Peer 1: 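For reference, the structure I am asking about is given below.
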Protein chains: 2
Amino acid sequence: MSNLGSSPSGAQNDNMRSSIIEAAKELFAKFGYKKTTMEDIAIALRKGKSSLYYYFKNKEEIFQAVIESEEKHLFSKLNEIVNTKMEPREKFTQYVITRMETILELDNYIKALKDEMLTNYEFLSRLKTSTEKQEAALLTKILEEGTSSNTFQVKNIPMAAVAIATALKGMEGPLLSSYYSFEDFKVQIENTLNILFFGLIRR
Amino acid sequence: MSNLGSSPSGAQNDNMRSSIIEAAKELFAKFGYKKTTMEDIAIALRKGKSSLYYYFKNKEEIFQAVIESEEKHLFSKLNEIVNTKMEPREKFTQYVITRMETILELDNYIKALKDEMLTNYEFLSRLKTSTEKQEAALLTKILEEGTSSNTFQVKNIPMAAVAIATALKGMEGPLLSSYYSFEDFKVQIENTLNILFFGLIRR
DNA sequence: AATGGGTCGACTTTTTTGTTCGAAAATAGT
DNA sequence: ACTATTTTCGAACAAAAAAGTCGACCCATT
């Protein structure tokens, strides 16, 4: 297995790497990306600033690793739901609710987006398309199950999955800017789901 | 009335000044003094960064104004209690509880202290002596009431007031560093009060 | 004692930040 | 309409803080 990553690998190494990610995660959540310095992270770990560069090429790479870690957390939760035996409609609902709830927990996601408002867009939007693909895959599975059990009726499943993934992504904005409480938002989600369902469910 | 302050005064002026203080208060509470930039404050107000300097000489002066504003809040609450008809012992207890509760609410106070750990000490300690004097005055009133109603027995009231003020100040540390929850701390306060009472109350 | 992963301090380079200043807007006064 | 005053801001800059680099040091293991 060649190590395509930029940093070395070893016993202690991976441990330290995840420690850094953990520390950075908390700091990013507290202060946001911009306001967290390399030294903040180093101090939290009681290490020298330069040691961080042994594990990560630069600050942005740490940020990326944090986001990826949060992403993993989200998708592990979503996968769990997708792989549970459940009525398609129920599964779909659970999927969306869980998705939104978890994202709400992902402080970093939020803080990151907030920072982005003031600084750089490019890298985060790159990320978005990546997650949308993953989501589309999960949604595809749900939709397939639903159609084969004759609950759903979808012409082009992959397309529908992408469309829904995009829609869900779009719903993040209002959620994260917390115009609504999550409870209020739940109502809106259910409304949206209702609309989706009556478009999807065979009558 | 001559304006000894550094900034001009006018109708809109005071309004803007307090707007700045409000905005800065929130940002300081969120990020702490160091991590809040002049631009952050300006953006929050949708004003140009340089406009702030029309109202305040510099960042530290804004910070000072914020702290003063919080101080006002604290002392308005304390004054309220001191000017309420109440049994001296009860009043004293209420005073201390309210004092500690309010201080706990004063995020800026806390955040400021936390920043101080990493940067400058001098100005905040200057502030401390100022508030201690104010506190001593309030405590003096309580003690006087208590003695004239024959509930308390104090030799040198002003001295006792200063001593108690100092003691209360000292209790802030453990409270703010939140080694204890406030509920736990309340017990400690009551213990301390008990000790104080049995030293003060005539037997 | 030689290798190499891991650490750090000191240094350089790059960005950010606080602050100033003069000139434009806006506003009030005449 | 004209003038004075208050309020706003953009551009510029010095100082501070940040990111990032590098060679020297550990300290295990071999």
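Quick caveat: nothing in here was measured; it's all calculated off a predicted structure. Here is how names work: the chains are called A, B, and so on, in the same order as the sequence lines, proteins then strands, and each is numbered from 1.
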Peer 1: Can you measure Leu52(B) atom CG to dT7(D) atom P for me and round it to whole angstrom units?
Peer 2: 14 Å

Peer 1: Is the shortest side-chain N to carboxylate O distance from Lys25(A) to Glu22(A) below 4.0 Å?
Peer 2: yes

Peer 1: Measure from CD1 on Ile20(B) to P on dT7(D) and round the result to the nearest Å.
Peer 2: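 Going from Ile20(B) (CD1) to dT7(D) (P), I get 11 Å.
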
Peer 1: Does the side chain of Tyr53(B) pick up a donor-acceptor pair with the side chain of Glu61(B) at under 3.5 Å?
Peer 2: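 No pair is found: no donor N or O on one side chain lies under 3.5 Å from an acceptor on the other.
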
Peer 1: Rounding to an integer number of Å, can you tell me how far Asn58(A) CG sits from dA19(D) C1'?
Peer 2: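 It works out to 9 Å between those atoms.
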
Peer 1: May I ask you to verify if any side-chain N or O of Tyr54(B) is less than 4.0 angstrom from the OP1 or OP2 atom of dC9(D)?
Peer 2: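 For dC9(D), OP1/OP2 do not have a side-chain N/O of Tyr54(B) under 4.0 Å.
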
Peer 1: Atom NZ in Lys34(B), atom OG1 in Thr37(A): separation rounded to 0.5 Å?
Peer 2: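 The OG1 atom of Thr37(A) is 8.0 Å from NZ of Lys34(B), to the nearest 0.5 Å.
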
Peer 1: Between dT19(C), dA18(D), dT17(C), which nucleotide has the shortest distance from any of its atoms to the side chain of Thr37(A)?
Peer 2: dA18(D)

Peer 1: Would you sort out whether Phe31(B) and Lys30(A) count as a side chain to side chain contact (heavy atoms under 4.5 Å, CB included), showing the intermediate values?
Peer 2: CA-CA 8 Å; Phe31(B) 299 118; Lys30(A) 222 175 222 158; over 6 Å; no

Peer 1: Using atom CZ of Arg46(B) as one end and atom P of dC9(D) as the other, report the distance to the nearest whole Å.
Peer 2: 12 Å

Peer 1: What is the distance, rounded to the nearest whole Å, between atom CD1 of Ile43(B) and atom C1' of dT8(D)?
Peer 2: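 Rounded to whole Å, this separation is 16 Å.
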
Peer 1: Looking at Phe63(A) versus Phe28(A), is the centre-to-centre ring distance below 6.0 Å?
Peer 2: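 Centroid distance Phe63(A)-Phe28(A): below 6.0 Å, so yes.
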
Peer 1: Check nucleotides 10-13 of chain D against the protein and report each pair of N or O atoms closer than 3.5 Å, with its distance, or say if there are none.
Peer 2:
| from | atom 1 | to | atom 2 | distance (Å) |
| --- | --- | --- | --- | --- |
| dG10(D) | N7 | Ser50(B) | OG | 3.0 |
| dG10(D) | O6 | Ser50(B) | OG | 2.5 |

Peer 1: Could you tell me the separation between the OG1 atom of Thr36(A) and the CD atom of Glu26(A), rounded to the nearest 0.5 Å?
Peer 2: 11.0 Å

Peer 1: Is there a side-chain contact between Tyr55(A) and the phosphate of dT7(C), meaning an N or O under 4.0 Å from OP1 or OP2?
Peer 2: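 Yes.
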
Peer 1: Is the shortest side-chain heavy-atom distance between Tyr54(A) and Met16(A) below 4.5 Å?
Peer 2: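 Not in contact.
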
Peer 1: Give a yes or no answer on whether the side chain of Thr102(B) reaches the backbone of Leu74(B) with a donor-acceptor pair at less than 3.5 Å.
Peer 2: no

Peer 1: On the ring face of Tyr33(B), is Lys59(B) found with NZ or CZ under 6.0 Å from the centre and within 45° of the axis?
Peer 2: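 So Lys59(B) does make the cation-pi contact.
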
Peer 1: Measure CE/Met38(A) against P/dT14(C) and give the value in whole Å, please.
Peer 2: 17 Å

Peer 1: I'd like a list of close polar pairs between nucleotides 23-28 of chain C and the protein, N/O only, cut-off under 3.5 Å.
Peer 2:
none

Peer 1: Figure out the CD/P separation between Glu61(A) and dA19(D), and round it to whole Å.
Peer 2: 15 Å

Peer 1: Can you measure Lys34(A) atom NZ to dT14(C) atom P for me and round it to whole angstrom units?
Peer 2: 19 Å

